[in-house]
Each structure stands twice: as C-alpha cells, then as structure tokens.
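FYI, side chains are in, hydrogens and waters are out, and symmetry mates aren't considered; it's all heavy atoms of this structure. Count residues from 1 along the sequence.
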Amino acid sequence: MTQHRRADLLIVCATLLASAGWIFSKQTIQGLPPFGFIGLRFVLASLLILPFCYRLFKQVSLKDIAQSSLVGMLLGAALLTWIYAISVSDTLGEGAFIMSLSMLLVPLVAWPLFKQKPSRPFWISLPFAIIGLVLLSLSGGGWHQSVSQVWFLLAAALLALQFNFNSRYAQRIPTLLLTCVQLFVTGLMGLIASLMFEQWPQTVDIAIWGWFASSVLIATSIRYVLQTAGQKHTSVANAAIIMVLEPVWTVFLSIMWYGEKMPVEKVIGCSLILFALLLYRGWYTITGKLFK
C-alpha cells in the first residue's frame with residue numbers, strides 16, 4: 001500500500017470515528033447532563049494535548065493566547081448548541097447532514113466579515129443544499145420542522161464563524177497550542193453552563209462512564225490523531241472529499257443503533273446536501289480553473 005493510499009485510509013477511519021462520536025455522545029448524555037459532558041470531555045482532551053505543547057506557551061504573546069481563547073469561545077458556543085440539539089433529537093443522521101453544511105456556510109460568513117465574495121461554485125452548490133434542507137423538514141407530505149433542526153442549523157452557523165477566525169489565527173499561532181487552548185476554553189464553558197443550568201445525578205452508571213471514555217479517547221483524541229496523520233500525506237482536495245463521509249456513516253450507525261427511520265423525502269434531502277458538499281468541496285477544488 002502506497003503512502004498516499006494509507007493516508008486516505010487513515011482519514012476514512014477518522015470519519016468513521018467521528019460518526020461513532022455522535023452515538024457515544026447520545027449514549028453518554030443519557031446519564032450525564034449535556035453541558036457537563038461537553039465540559040468534562042473537552043477539558044480532558046485539552047489536558048491530553050498539553051504535554052505536547054506546553055513549551056509553546058513561551059513562544060507566543062498574551063494577545064495570541066487571548067485571541068485563541070476567543071476562537072475557543074466560538075467553538076464552545078457551537079458545540080454547546082450541538083450537544084443540546086442532540087439531547088432533543090431522535091434523528092442523528094439528519095442532524096449530521098445539517099451540521100455538515102457548516103463548510104458551505106463558511107464563505108457566506110466570510111463575505112461580510114472579511115469582504116471575501118463567495119466563489120461561483122458556492123452559488124451553484126447552495127440551491128441544492130437549500131432544497132435538501134427543505135426536504136428534511138417534510139414528513140408525511142407536510143412541513144414538520146423540528147426544534148432540533150433549528151438548533152443543528154444554528155450550531156452549523158456558529159461552527160462556520162469559528163472556522164473563519166480559526167483559519168486566520170492558525171497562520172501565526174502553533175496549531176497544537178491553538179487546539180489545546182480552544183479545547184480547554186470549550187470545556188470550561190461547558191462546565192460553567194452545567195453549573196448554572198444543570199443538575200448532576202447523585203450516581204452515574206458505569207456503562208455511561210464507558211461511553212464517556214469512548215467519546216474522549218476514540219471520538220476526540222484518536223480521531224484527531226488519525227485525521228492529522230492522514231492530512232500530512234494527502235492533498236487538501238482528497239481530504240475534503242473524504243471528510244464528507246462523516247454524515248453518511250452517521251446515518252448508517254443511527255439506523256443500526258437507534259432504528260432511525262429515513263423516509264424517501266429525507267433520503268433525497270440528505271443526498272442533495274451530500275451532492276452540494278461534493279460539488280463545492282470536491283469539484284471546485286479539483287477543476288477550479290473552469291470557474292475562474
């Protein structure tokens with residue numbers, strides 16, 4: 001197996017672990033409060049990274065740390081919204097496809113913020129994504145928009161906002177340090193929100209802690225290690241296309257684990273969103289000269 005193919009396989013594995021993270025999260029919040037779960041998960045994840053980047057703190061200024069923390073607050077807001085959406089949703093596959101729209105929303109958010117006009121492939125892809133979202137809201141021939149859909153869409157918008165600022169700061173702040181600070185701030189926000197709005201159970205079943213450990217170690221730490229290792233030896237275009245697999249895996253896992261029903265209109269809706277993402281992230285990256 002060539003190094004290039006091995007890298008692609010690592011990213012495929014990362015998408016599978018990321019999709020499994022949806023199941024781990026849903027199972028964990030059956031016994032832990034959602035915000036508290038996010039708090040513990042990301043504080044622990046940041047502490048796992050800290051030994052590999054603590055020396056980098058001497059190489060950056062307090063301003064850099066402050067800016068990293070602000071980006072972390074955006075990530076925290078996005079993930080707290082996401083976990084709340086999961087807590088009120090029984091359709092994880094649908095939520096995964098809505099969340100995947102964050103990459104399509106990135107250029108739309110960058111337009112007013114940084115005066116970067118979206119490319120033509122974005123405008124070509126957007127109608128397919130919108131039609132897909134509409135179809136996800138149709139059930140039994142009528143319009144049935146769920147509360148979780150709104151929260152997932154809000155989380156996707158916040159993630160797009162975070163992605164824009166993160167891309168800017170990542171150019172001058174060491175990646176590992178930026179990641180560590182953001183994960184810690186996200187975890188801290190989760191713990192504060194939990195103390196303010198949630199009540200912790202007196203006892204937590206051992207099985208819940210098993211799901212929690214899987215979420216921290218498998219869906220967070222190992223997933224990002226595999227993804228980073230794979231991205232070192234493959235092209236951006238390849239990685240972008242492969243990452244689109246995450247919502248697809250999530251649908252399959254949700255159907256197998258929870259028996260999630262996918263009526264025809266929702267299958268078509270998810271397919272249109274997937275097509276829009278492939279069109280924007282894949283086709284433009286590979287054949288961008290056609291649109292210049």
Side-chain angles (χ1 to χ4, degrees), residues 18 21-22 24-88 99 102 151-152 154-170 172-202 204 208-209 211-225 227-228:
W22 285 71
F24 298 157
S25 298
K26 184 71 172 179
Q27 290 297 114
T28 302
I29 61 176
Q30 303 305 310
L32 288 177
F35 295 157
F37 159 63
I38 288 293
L40 288 176
R41 173 181 173 178
F42 282 89
V43 165
L44 286 176
S46 68
L47 293 178
L48 288 175
I49 295 175
L50 184 60
F52 303 99
C53 68
Y54 72 94
R55 291 194 179 110
L56 297 175
F57 280 93
K58 298 178 181 179
Q59 302 175 17
V60 296
S61 65
L62 289 176
K63 182 181 178 181
D64 290 331
I65 300 298
Q67 290 175 336
S68 300
S69 299
L70 289 174
V71 180
M73 291 175 70
L74 290 174
L75 179 62
L79 291 177
L80 290 178
T81 304
W82 168 76
I83 196 63
Y84 179 76
I86 285 183
S87 71
V88 298
M99 284 296 294
S102 60
W151 285 107
F152 278 127
L154 177 58
L158 287 169
L159 203 58
L161 183 63
Q162 185 269 343
F163 188 90
N164 272 286
F165 283 104
N166 192 50
S167 296
R168 296 247 161 180
Y169 294 137
R172 57 187 181 79
I173 299 175
T175 302
L176 209 56
L177 177 62
L178 183 62
T179 302
C180 183
V181 171
Q182 289 188 61
L183 292 181
F184 180 77
V185 171
T186 297
L188 190 61
M189 287 177 64
L191 292 176
I192 292 173
S194 183
L195 289 173
M196 292 176 63
F197 303 112
E198 296 176 332
Q199 185 173 359
W200 283 67
Q202 292 184 348
V204 178
I208 297 297
W209 289 117
W211 289 113
F212 174 77
S214 298
S215 180
V216 173
L217 295 174
I218 299 175
T220 306
S221 300
I222 297 177
R223 171 254 180 114
Y224 281 111
V225 168
Q227 184 176 322
T228 302

Got a sec, which pairs hit side-chain hydrogen bond (donor to acceptor under 3.5 Å, both in side chains) with one end in residues 40-54, sequence neighbours left out? Ser25-Arg41, Arg41-Ser215, Arg41-Thr220

Show your reasoning for whether side chain to side chain contact (heavy atoms under 4.5 Å, CB included) applies to Phe152 and Trp82. CA-CA 6 Å; Phe152 278 127; Trp82 168 76; 3.9 Å; yes

Please round to the nearest 0.5 Å and tell me the distance separating atom SG of Cys53 and atom CG of Leu178. 10.0 Å

What is the distance from atom CD1 of Ile218 to atom CH2 of Trp211, rounded to the nearest 0.5 Å? 9.5 Å

side-chain contact (heavy atoms from CB on, under 4.5 Å) involving Lys58 - partner list, sequence neighbours excluded: none

Hey, mind stepping through Ile65 and Phe57 against side chain to side chain contact (heavy atoms under 4.5 Å, CB included) and telling me if it holds? CA-CA 8 Å; Ile65 300 298; Phe57 280 93; 3.7 Å; yes

Which atom names give the shortest non-hydrogen contact between Ser69 and Val185, and what distance separates them? O-CG1, 3.7 Å

Nearest-0.5 Å distance, CD of residue Gln182 to SG of residue Cys180: 10.5 Å

What's the spacing between Thr28 OG1 and Leu40 CG if we round to 0.5 Å? 10.5 Å

Contacts satisfying side-chain hydrogen bond (donor to acceptor under 3.5 Å, both in side chains) that involve residues 183-193 (not counting sequence neighbours) are none

Sequence neighbours left out, what passes side-chain contact (heavy atoms from CB on, under 4.5 Å) with Leu48? Give chain and number order. Val216, Leu217, Ser221

Does Gly36 offer a backbone N or O that forms a donor-acceptor pair with the side chain of Glu198 under 3.5 Å? yes

Could you list the residues that satisfy side-chain hydrogen bond (donor to acceptor under 3.5 Å, both in side chains) with Gln30, not counting sequence neighbours? none

side-chain contact (heavy atoms from CB on, under 4.5 Å) against Leu154, all qualifying residues, sequence neighbours excluded: Thr81, Trp151, Leu158

Looking at Ser194 and Leu191, would you say the former's side chain and the latter's main chain have a donor-acceptor pair under 3.5 Å? no

What's the verdict on side chain to side chain contact (heavy atoms under 4.5 Å, CB included) for Trp209 and Leu32, showing C-alpha distance, side-chain angles and the deciding distance? CA-CA 9 Å; Trp209 289 117; Leu32 288 177; 4.1 Å; yes

Check Asn164 against Ala160 and note the closest heavy-atom contact, atom names and distance. ND2-O, 2.9 Å

Side chain to side chain, Trp200 and Pro33, heavy atoms closer than 4.5 Å: yes

Output the distance between atom CG (Leu183) and atom CG (Leu50), rounded to the nearest 0.5 Å. 11.5 Å

Minimum side-chain heavy-atom gap Ile38-Leu80 below 4.5 Å: yes

Name the orientation class of the two ring planes belonging to Phe197 and Phe35 (parallel below 30°, tilted from 30 to 60°, perpendicular beyond 60°). perpendicular

CE/Met189 to CZ/Phe42 distance, rounded to the nearest 0.5 angstrom? 12.0 Å

For Phe212, is the CZ atom crowded, meaning more than 12 foreign heavy atoms sit under 6.0 Å from it? yes

Under the criterion side chain to side chain contact (heavy atoms under 4.5 Å, CB included), I'd like the reasoning laid out for Leu74 against Leu159: C-alpha separation, chi angles, the key distance, then a yes or no. CA-CA 7 Å; Leu74 290 174; Leu159 203 58; over 6 Å; no

Would you check if Pro174 and Val60 make a side-chain contact, meaning some heavy-atom pair closer than 4.5 Å? yes

